[in-house]
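This report refers to the structure that appears directly beneath it.
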Amino acid sequence: NVDDPALWIAGQRVATVLVYLSGPMQGCHGGCTRFPQATDAGSDGLRVQPRRGAAVAWPNIGPRGAPLFEAEHEAEPLETDAGASFGEVPRKVAINIWIRDRPVPWSS
């Protein structure tokens, strides 16, 4: 969206790296990062299983600078295994690293 102020301030996001700081907690499954438009991987898209210390990287734009629809992604929910109980809400932890086409301005 060319009207997005973040685009003018921080520049175009050209690539993303998603680093999994944890995997699903013991007693859970799921929590994949799903790319529904990446249909070359199958009719339901591509799923990346979260594993602690692993990373997945992808381009957000094509060679001419247009957004890649295949970069659309979502976090699938974690599901609790039958019989598992938790004292806390099941979670996974990840960090996004966004590579921009220019340095982000910093004020000192």
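What you see is a predicted model; the values in this text were computed from it and never measured.
Grouped with Leu68 in a hydrophobic cluster is no other residue, since no side-chain heavy-atom contact under 4.5 Å to another Ile, Leu, Val, Met, Phe, Trp or Tyr is found. Connectivity analysis of hydrophobic side chains (ILVMFWY, heavy atoms under 4.5 Å, direct or indirect) links Phe69 to nothing; its cluster partners are none. If you chain together ILVMFWY residues whose side-chain heavy atoms come under 4.5 Å of each other, Ile95 ends up grouped with Val14, Val17, Val19, Leu21, Ile61, Val93, Ile97, Ile99.
When atom types are taken as modelled, the side chain of Lys92 and the backbone of Gly31 share a donor-acceptor pair closer than 3.5 angstrom.
Residue-environment remark: CG (Asp40) stays at or below the threshold of 12 foreign heavy atoms within 6.0 Å.
Here the closest heavy-atom approach between residue Pro24 and residue Gly30 is recorded as CG-O, 3.7 Å.
To the nearest 0.5 angstrom, Thr33 atom OG1 is 11.0 Å from Arg47 atom CZ. A distance of 9.0 Å separates CD in Gln12 from CZ in Arg102, rounded to the nearest 0.5 Å.
The ring pair (Phe, Tyr, Trp, His ring centres under 6.0 Å) check on Tyr20 picks up nothing, with sequence neighbours excluded. Annotation: side chain to side chain contact (heavy atoms under 4.5 Å, CB included) contacts of Glu74 (sequence neighbours excluded): Arg34.
Each side chain to side chain donor-acceptor pair (under 3.5 Å) pair with one or both residues in residues 49-64, not counting sequence neighbours, appears once here: Thr16-Asn60.
Cys32 places none of its side-chain heavy atoms less than 4.5 Å from the side chain of Val48. The side-chain heavy atoms of Glu72 and Pro36, taken from C-beta on, include a pair separated by under 4.5 Å.
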